[in-house]
*Asks:* 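Quick one: the structure is below, and I'll ask about it shortly.
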Number of protein chains: 2
Amino acid sequence: MSGLSEIARAAGVSISTVSRVLNRRAGVNEETRQRVLSVLAEMPYTPRGLGALQRTGVIGLLVPELSNPVFPAFAEALETRAARLGYSSLLCNTRSGAPMGEEEYVRMLLARGVEGMVFVSPEITNVEVPLGQAPRPSYYAKLLADGVHMVFLNGATPALDVPDVTVDEQLAGYMATRHLIELGHERIGFVSGPARSLPSRLKRAGWAAALEEDHLPAGSEYVAHAPFSAEGGGQAVAQLLDTVTPTAVICSSDHMALGVMREAHQRGISVPEQLSVVGFDDIPLAAYSSPALTTLAQPIEEMAAAAIDELVLRLDPDRRRQGTDNYTRVFRPRLVARESSAPPK
Amino acid sequence: MSGLSEIARAAGVSISTVSRVLNRRAGVNEETRQRVLSVLAEMPYTPRGLGALQRTGVIGLLVPELSNPVFPAFAEALETRAARLGYSSLLCNTRSGAPMGEEEYVRMLLARGVEGMVFVSPEITNVEVPLGQAPRPSYYAKLLADGVHMVFLNGATPALDVPDVTVDEQLAGYMATRHLIELGHERIGFVSGPARSLPSRLKRAGWAAALEEDHLPAGSEYVAHAPFSAEGGGQAVAQLLDTVTPTAVICSSDHMALGVMREAHQRGISVPEQLSVVGFDDIPLAAYSSPALTTLAQPIEEMAAAAIDELVLRLDPDRRRQGTDNYTRVFRPRLVARESSAPPK
DNA sequence: AAGGGTCTTGCAAGGTTTTGCGAGAATGTT
DNA sequence: AACATTCTCGCAAAACCTTGCAAGACCCTT
């Protein structure tokens with residue numbers, strides 16, 4: 001949240017020059033312009049006095065993609081809740097195009113005068129860092145230091161004092177696996193998202209814990225990594241079917257689970273008779289696949305409400321939380337047993 | 001494009017009062033507030049600071065909802081194309097909450113300094129106006145007069161000189177029905193969206209035309225209206241199955257078609273053996289249902305590219321289209337025959 | 001009817017951004 | 001080398017927005 005004067009000082013130019021750069025006016029040397037722009041990249045410009053409506057009633061929502069239906073579902077739930085509290089939402093798809101990363105979108109939103117933002121499955125969860133350790137704080141720390149209000153949804157990190165709302169991924173992995181074990185399965189694969197994804201690693205931990213309780217195999221040969229997509233799910237399950245021939249798999253997302261079921265269908269493997277499939281998310285369409293998908297539901301509405309409420313609490317000067325301490329809410333996933341899981345033949 | 005002082009003068013209040021209204025501060029009489037707001041509706045407020053930023057590189061995307069996966073798909077395609085041309089996108093879900101209508105979102109986007117916008121299936125298509133007649137121009141005309149750049153995607157109206165990109169809905173209805181006729185079906189129902197929806201009415205016209213060519217029944221008893229949702233599809237097909245017992249149905253959207261297939265499944269009616277189903281949109285998940293959905297594909301990528309290119313053409317002063325004449329591009333839908341359609345038993 | 005309280009609104013001070021203007025630097029011309 | 005032209009960029013004034021404060025209006029109580 002830097003005004004014109006801070007940026008001018010950092011760039012070693014006058015306020016006027018910064019103003020000219022921002023307004024794309026002529027009369028600024030290209031070299032100077034670049035210097036100002038690079039400073040601007042470091043400290044996002046948020047007009048303060050003029051035009052900078054402090055209470056704009058607008059918040060930003062950042063989702064990583066739109067093709068997995070869980071993100072539109074979260075977006076809609078967040079928007080609905082925000083609208084009820086008098087805020088309108090600007091939605092940004094951070095992986096929409098190569099040139100724009102999450103960071104650039106944040107800067108753009110700040111310049112557009114959003115009061116705060118909700119990050120859904122933020123970039124910060126994609127890190128090659130052992131479980132338990134804290135990843136590099138990256139630019140979120142800077143935003144935080146600048147007093148930008150934000151909330152993480154399904155993507156916390158202990159390194160940052162940001163309120164976060166998440167579903168218990170590890171418990172989800174455990175519950176899904178437990179469900180399959182109780183049905184009598186003994187070879188249970190994990191169709192996982194990329195290895196760098198923290199949620200996938202947490203789910204795997206839960207999966208392994210459940211299996212080890214019953215002395216069932218939980219080695220890495222039972223885990224196949226692939227991108228978060230239906231195609232990825234198909235690829236990953238193909239790999240498992242070609243090697244360890246599981247009788248059941250759990251998946252990192254419903255979206256991947258749909259790919260799994262399609263691959264099974266194409267191979268003539270019937271679900272659930274020959275292969276049980278458990279998804280994760282409970283996207284609205286999960287009930288509409290056939291067989292209807294057994295899945296671990298994230299309480300999307302409740303989580304969205306919690307995230308928005310927490311953000312608004314910090315936005316609203318009247319009811320601003322006293323100690324803005326690290327606020328974490330963990331939601332329990334809920335098993336929704338439908339048709340895609342059954343005892344093995 | 002008015003500053004605070006113009007608005008204050010127009011509303012007959014002081015600048016301070018307008019400022020307070022804009023910032024939602026307490027201490028303004030409700031009556032006064034409404035007066036200011038109504039003036040604000042007439043002359044949108046654009047603070048010098050932001051409004052002066054002529055080339056913000058930001059465009060707005062307005063979609064009616066997010067639960068039907070076709071809209072996220074369009075949004076992502078639009079964003080990707082825009083990003084490639086150096087524009088970042090702000091996405092708004094106009095039906096996210098009761099209080100915010102499309103119109104308010106437009107105003108908000110304008111105040112946030114967007115350069116132009118793409119309306120996907122805009123409100124204007126929801127009108128109780130006979131086919132061929134022009135609906136009331138509504139507030140779009142005012143935007144147009146103010147020089148706001150916009151493009152309609154799947155929602156044109158001849159009354160407005162706005163470039164538009166659409167799929168040929170009537171042809172889609174015709175092609176879907178033709179496909180089923182050629183398979184040998186004779187009782188073909190139409191699971192339609194609400195009667196006020198122009199696209200649904202166009203599809204119905206195509207459906208009726210195909211049926212009448214072969215002297216097959218095309219009466220209103222073969223048409224069931226329901227909201228655009230999976231639940232709606234289920235309700236509508238239930239109504240048809242209880243009355244005219246069609247051997248095949250076409251649907252206003254894939255989303256509805258999924259509901260149709262679920263309802264059939266629950267009634268023990270097998271698809272496609274006992275009921276053929278043809279959807280519309282070719283959402284990414286259509287290939288992942290089972291049976292995989294036969295559908296009429298909208299060329300989403302191409303349409304999105306056409307819409308963005310047209311908008312950017314008008315935005316960019318260098319390559320601005322000379323005669324900004326009414327530009328319309330109509331895309332042909334494409335039949336994607338998958339598993340949900342087959343000859344009747 | 002007077003007094004006190006609350007609500008509403010404009011004024012003016014204070015902070016922020018834009019812009020006209022001029023000085024200095026860089027480049028071109030004679 | 002001297003001068004003219006153009007370009008850059010800061011200064012300072014103007015324009016603009018926010019906010020504390022006080023005056024006026026309205027209502028209720030005494």
Side-chain angles (χ1 to χ4, degrees), chain A residues 1-40 42-58 86 107-108 110-116 146-149 315-320, chain B residues 1-40 43-58 107-108 110-113 115:
Chain A
M1 302 265 240
S2 327
L4 224 40
S5 58
E6 279 111 314
I7 290 164
R9 185 145 23 83
V13 296
S14 76
I15 292 178
S16 337
T17 305
V18 180
S19 169
R20 277 186 272 255
V21 169
L22 280 170
N23 291 348
R24 289 177 172 72
R25 295 197 97 78
V28 178
N29 189 16
E30 183 56 29
E31 198 181 321
T32 315
R33 207 176 74 87
Q34 287 305 328
R35 195 165 74 243
V36 173
L37 285 177
S38 76
V39 170
L40 236 31
E42 289 300 309
M43 36 170 67
Y45 167 61
T46 27
R48 257 199 248 278
L50 162 80
L53 306 173
Q54 296 301 319
R55 312 282 337 278
T56 55
V58 181
R107 195 147 53 232
M108 191 264 281
L110 249 21
R112 302 263 92 64
V114 303
E115 290 184 55
D146 287 344
V148 174
H149 296 286
L315 254 37
D316 202 328
D318 303 334
R319 44 182 166 166
R320 182 167 293 168
Chain B
M1 334 303 187
S2 334
L4 223 43
S5 58
E6 278 114 311
I7 290 164
R9 185 146 22 86
V13 296
S14 78
I15 292 177
S16 339
T17 305
V18 180
S19 169
R20 277 186 271 255
V21 170
L22 281 170
N23 289 342
R24 291 176 169 71
R25 292 199 92 76
V28 178
N29 188 15
E30 185 54 31
E31 198 180 320
T32 315
R33 209 176 72 87
Q34 287 304 329
R35 196 165 73 241
V36 172
L37 285 177
S38 75
V39 171
L40 235 32
M43 36 169 72
Y45 167 64
T46 27
R48 265 174 88 91
L50 287 174
L53 299 174
Q54 290 302 318
R55 313 284 333 281
T56 55
V58 180
R107 196 150 48 233
M108 191 264 281
L110 250 21
R112 303 264 89 66
E115 291 184 52

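Throughout, protein chains are lettered first and strands after them, A, B, ... in sequence-line order, and every chain is numbered starting at 1.
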*Asks:* Please report the closest heavy-atom contact between A8(A) and V18(A), naming both atoms and the distance.
*Replies:*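 A8(A) and V18(A) have their closest heavy atoms at CA-CG2, 3.6 Å.
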
*Asks:* Side-chain N or O of T17(B) versus OP1/OP2 of dG10(C): is the shortest distance under 4.0 Å?
*Replies:*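 Yes, because at least one side-chain N or O of T17(B) sits under 4.0 Å from OP1 or OP2 of dG10(C).
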
*Asks:* Without decimals, in angstroms, what is the distance between R33(B) CZ and dT8(C) P?
*Replies:*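 Between P of dT8(C) and CZ of R33(B): 11 Å.
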
*Asks:* Separation of Q34(A) atom CD from dT8(D) atom P, in whole Å?
*Replies:*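 The answer, rounded to whole Å, is 13 Å.
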
*Asks:* Counting only heavy atoms not in E30(B), do more than 12 fall under 6.0 Å of its CD?
*Replies:*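 Buried by this count: over 12 neighbours within 6.0 Å.
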
*Asks:* Rounded off to whole Å, could you give me the CD-to-P distance for the E31(B) and dC7(C) pair?
*Replies:*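 Result: 17 Å.
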
*Asks:* Figure out the CG/P separation between N29(B) and dT8(C), and round it to whole Å.
*Replies:*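 Result: 5 Å.
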
*Asks:* In whole Å, what is the span from the CZ atom of R9(A) to the P atom of dT16(C)?
*Replies:*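 Those two atoms, CZ and P, are 11 Å apart.
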
*Asks:* Please check the phosphate of dT9(C) (OP1 and OP2 only) for any side-chain N or O of S14(B) closer than 4.0 Å.
*Replies:*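 For S14(B), the contact criterion (side-chain N or O under 4.0 Å from OP1 or OP2 of dT9(C)) is not met.
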
*Asks:* In whole angstrom, what separates I15(B)'s CD1 from dC17(D)'s P?
*Replies:*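 Roughly 7 Å, once rounded to whole Å.
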
*Asks:* Between the base of dC16(D) and the side chain of S5(B), is there any donor-acceptor pair under 3.5 Å?
*Replies:*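 Result: no qualifying N/O pair found.
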
*Asks:* Rounded to the Å, how far apart are E6(A) CD and dG15(C) P?
*Replies:*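 Rounded to the whole Å, the gap is 14 Å.
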
*Asks:* Expressed as a whole number of angstroms, how long is the span from R20(A):CZ to dC21(C):C1'?
*Replies:*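 From R20(A) CZ to dC21(C) C1': 10 Å.
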
*Asks:* Select base, sugar-phosphate, or nothing to describe what V18(A) touches, counting heavy atoms under 4.0 Å on all strands.
*Replies:*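 No contact.
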
